[in-house]
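All values reported here derive from a predicted model rather than from experimental measurement. By convention in this document, chain letters (A, B, ...) are assigned in the order of the sequence lines, proteins followed by strands, and residues within each chain are numbered from 1.
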Amino acid sequence: MSVTITFPDGSERRYDSDVTGAEIAASIGPRLAKAAVAVKLDGVATDLNRAIAQDGMVEIVTEDSEEGRHVLRHSAAHVMAQAVLDLFDGAKFAIGPPIADGFYYDFEVEQPFTPEDLERIEERMAEIIAEDQPFERDELSVAEALDVFGNQPFKTEIIESVDEQEGAGGSEVSVYRNLEFVDLCRGPHVPSTKRLKAVKLMRSAGAYWRGDENRAQLQRIYGTAWESKAALAAYLERLEEAERRDHRKLGQELELYSFPSELGSGLAVWHPKGGLLRTIIEDYSRRTHLAHDYEIVATPHVAKADLWQQSGHLDFYAEGMYPGMVLDETTEYRMKPMNCPFHILIFGSRSRSYRELPLRLFELGTVYRYERSGVIHGLMRARGFTQDDSHIFCEEKDIAAELQNLLDFTLMVLRDFGFTEFEADLSTKDPEKYIGSDDLWDKAEDALRLALETAELPYEVAEGEGAFYGPKIDVHVRDAIGRRWQLSTLQVDFAQPDNFDLLYASDHNTRERPVMIHRALMGSIERFVGILVEHYAGALPGWLAPVQATIVPVADRHVAYASEVAERLHTEGLRIDVDAADDTVGEKIRRAITQKHPAVLVVGDSDVAAQTAGLRLRGEDERRGVALDEVAASLVELCRAPR
RNA sequence: GCCGGGGUAGCUCAGUCGGUAGAGCGACGCACUCGUAAUGCGUAGGUCACGGGUUCGAUUCCCGUCUCCGGCUCCA
């Protein structure tokens, strides 16, 4: 008997029946055999040592692919559990999947793991790996499995719930053994533990069983595993790079903002340089909105609780709001967690005509949300922040055109700030929970889809993930080190116009309900600044840099000339500092560079004589003796705002 | 909110097995007047997060609060 195997390139080979993936890989080449960690048979990943009994498509999964690393990490998770069960008597193990860049395993143990425990576990894992223990697959009946895992309550629960993800499907469950250690698992795994060449434990943390905070709190250990020591080192370097870019650290070093504990958690103060950066961004936001036919409004930070009752926020969102302030023992006020009700009141302040629509109200609106203490993270997740928020009131027939324009506007803004890679999520109707007619939903979803396709934006549909009041698009960007951030959100809302009984007079003089679009492009100014700082590692482009150039006088006698040069450049609208401190030239240059200023000018005797300066642009070598006009032209070009 | 780990000078950190503390950088002063990523010397600067307890004595041990970090959960 023989089987015909088809490869991804379309070629075919015949093998003896019951050939294994390992043998197929070996028949193709020794390098492939060495790199193989699993095999995909008709798209389903399985172990290298399983016999293939029928014709099919075969793809060898190698350790340097994402799928291959997945296998490595899954196997590493087993080895970690094995080590923990070896070292900690009575430890119960729960689940241990591969995740992006690593893996984890959850345990129930007497005491939380200490850093020293992690070292011991890592050492034990190294021993297990060195022993080259084979991973062997076995299929057990439910009864057998319950017997094997009799003293493991989490495993028992998985078996009883017949969780296919964890290897328990139908009447059989699959398990993997290496030596005495056995775990429920769907596989596949590497053939033996020695294939794990670069494994490192990262940290431990609390986590809930099944992610449910009402259930047992387990101890999770995170680890990472890679195909080689070099790949592991590169990953650790990436983590360090992310740490170097941390906007909380850079914000302090560059004197942009801080979080005084006297204010309370999640509340930032903006120092002069950060305040300037913010102002530049806000000015950009206002002028581009005005240019796109938005009208700027302003609204207060508090409002009567009744308003939030009417908008529904107090029913659905009370936990996220600051508590009430009762005035005169009768009236309760709340900090605003959103701007929409205010904009709605402006719309409803008088009768509206179809001639005014779409009516686009824009506000840099500062809102306050009582985020749970554990989730606060610098500017990324704060309790007070300013949205570049707008509510667009339009006729049903205009939704498509409006969304189209809006998405174009959104991408323009994101590109202006230097982002080039975008991905979107389209969240659609949850058939269980929605308001508004199916027809309206279909129209809105079609309009969102069309807008995405016209903009050639790659997107994924999140089926049923829309809010009950309408579908939405979220736009994500990739930053300089490949991280994904959600920035913009465009939401269609069929509910609030109803809640507030908004009407306009149509061209037939009938009263019609407008459709509302909520949208924020940067999302929150605070968070946007945080993301920019991390994206640029603090080295902001010229137009955003609070100080665009520092002038360094070589000696005291050059300070006057330095000030003249600064004056000259100020007239071009440039933001220039003169560093007249009593330090060496080297020290002042170092200071300007570590402060990430886009340009440094050095002026000495020869520059005074020739009306020139030494010009050193970020990342470039210095040019000596550049004429001031050329310096000015060069800096103006470097610091030009996108619009 | 939950689990774990922290909070010592402006910053980064060391230290005190319970007897009220130290470095580097920064700041300030003096000298130097200097041409490309740290000039030298000196000085000041601390309720050891806050409140309570134990103790002859607490920055150190215990409890509580605030706050930060890493996760979990959450982000209408």
Side-chain angles (χ1 to χ4, degrees), chain A residues 99 104 106 109 111-115 117-118 202-222 243 246 248-249 252-253 255 258-267 308 311-321 337-338 340 369-378 380-383 385 433 465-470 472 474 486 489 491 493 495-496 518 523-524 527 550 552-559 580-595 600-607 613-616 621-625:
Chain A
I99 54 175
Y104 68 79
D106 288 345
V109 283
Q111 298 289 325
F113 297 110
T114 64
D117 290 337
L118 294 196
M202 304 298 286
R203 66 175 71 87
S204 63
Y208 301 105
W209 170 234
R210 294 294 191 208
D212 181 345
E213 61 186 312
N214 298 312
R215 304 201 59 181
Q217 173 115 29
L218 306 175
Q219 293 301 317
R220 174 171 299 177
I221 302 178
Y222 285 92
E243 205 171 312
D246 190 317
R248 296 166 298 185
K249 180 170 158 285
Q252 179 180 53
E253 287 171 8
E255 294 188 81
S258 63
F259 304 90
S261 56
E262 290 85 343
L263 298 193
S265 186
L267 300 168
W308 306 111
S311 67
H313 289 109
L314 270 180
D315 286 336
F316 294 107
Y317 192 61
E319 276 187 10
M321 292 173 68
M338 300 218 156
C340 18
R369 300 183 185 180
Y370 197 74
E371 301 287 359
R372 296 171 84 177
S373 60
V375 307
I376 287 165
H377 183 90
M380 302 300 190
R381 191 87 175 269
R383 282 183 172 161
F385 58 94
K433 193 180 159 204
E465 292 292 306
F468 71 93
Y469 53 74
K472 66 170 178 174
D474 293 318
Q486 186 195 316
T489 179
Q491 306 187 335
D493 185 347
Q496 292 292 18
H518 305 246
S524 126
R527 185 164 173 278
T550 298
V552 175
V554 171
D556 286 352
R557 65 179 177 278
H558 308 120
V559 170
D582 186 12
D583 288 310
T584 59
V585 173
E587 167 69 11
K588 290 189 224 181
I589 288 174
R590 179 183 149 79
R591 186 153 52 224
I593 290 173
T594 51
Q595 285 292 303
V600 184
L601 303 182
V602 180
V603 295
D605 287 333
S606 59
D607 297 300
L615 174 62
R616 179 175 177 140
D621 289 336
E622 194 215 24
R623 286 191 296 143
R624 292 271 179 97

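- Looking at A:D605 and A:R557, a side-chain N of the basic residue comes within less than 4.0 Å of a carboxylate O on the acidic one, giving a salt bridge.
- Between A:S204 and the phosphate of B:rG4, there is no side-chain N or O to OP1/OP2 separation shorter than 4.0 Å.
- One can place CZ of A:R381 at 13 Å from C1' of B:rC72, the figure rounded to the nearest angstrom.
- Spacing between atom CH2 of A:W308 and atom C1' of B:rA76 amounts to 13 Å, rounded to whole angstrom units.
- Contact between the side-chain N/O atoms of A:R557 and the OP1/OP2 oxygens of B:rC34 is found at a separation under 4.0 Å.
- Residue-environment remark: OH (A:Y370) stays at or below the threshold of 12 foreign heavy atoms within 6.0 Å.
- Residue-level contact check: A:E371 touches neither bases nor backbone, having no heavy atom under 4.0 Å from any strand.
- Proximity of A:R203 to the phosphate of B:rC69: no side-chain N or O atom is located under 4.0 Å from OP1 or OP2.
- Mapped onto RNA chain B by nearest heavy atom, A:I589 and A:F259 fall at different nucleotides, with A:I589 at the one closer to the 5' end.
- Look at NZ on A:K588: it is 9 Å from C1' on B:rU33, rounded to the nearest Å.
- For A:S265, a side-chain nitrogen or oxygen approaches OP1 or OP2 of B:rC68 to under 4.0 Å.
- Comparing the P positions of B:rA58 and B:rG51 gives a spacing of 13 Å, expressed to the nearest Å.
- Side-chain proximity of A:E587 to B:rA31, B:rC11, B:rA38: nearest is B:rA38.
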Checklist entry - When you check every protein heavy atom under 4.0 Å of nucleotides 44-50 of chain B, what one-letter string (B, S, -) results, 5' to 3'? => result -------
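- The minimum heavy-atom distance linking A:D106 with A:L218 is given by the pair CB-CD1, 3.8 Å.
- For the C1' atom pair drawn from B:rG5 and B:rC41, the interatomic distance equals 42 Å after rounding to whole Å.
- A:F385 is listed as a side-chain neighbour of A:R369, based on a closest heavy-atom distance under 4.5 Å.
- Across all strands shown, B:rG19 forms a Watson-Crick or G-U wobble pair, both distances under 3.5 Å, with B:rC56.
- Distance noted for atom C1' between B:rU20 and B:rG24: 24 Å (whole Å).
- The phosphate of B:rU12 has OP1 or OP2 within less than 4.0 Å of a side-chain N or O from A:Q252.
- Of all nucleotides present, only B:rG71 satisfies the Watson-Crick or G-U wobble test against B:rC2, with each distance under 3.5 Å.
- Heavy atoms of A:G586 sit under 4.0 angstrom from primed sugar atoms or phosphate atoms, though from no base atom.
- Residue A:Q595 contributes atom CD, which lies 17 Å from atom P of B:rA37 at whole-angstrom precision.
- One finds a side-chain N or O of A:S373 lying less than 4.0 angstrom from the OP1 or OP2 phosphate oxygen of B:rG1.
- For A:Y370 and B:rC75, the shortest distance from a side-chain N or O to OP1 or OP2 is not below 4.0 Å.
- With both ends at atom P, the span from B:rA49 to B:rA14 equals 14 Å, rounded to whole Å.
- Computed from coordinates, the A:D556 CG to B:rG35 P distance equals 13 Å when rounded to whole Å.
- Distances shown here put a side-chain N or O of A:R248 below 4.0 Å from the OP1 or OP2 atom of B:rG70.
- Donor-acceptor pairing under 3.5 Å, judged by distance alone, is absent between the side chain of A:D583 and the base of B:rC34.
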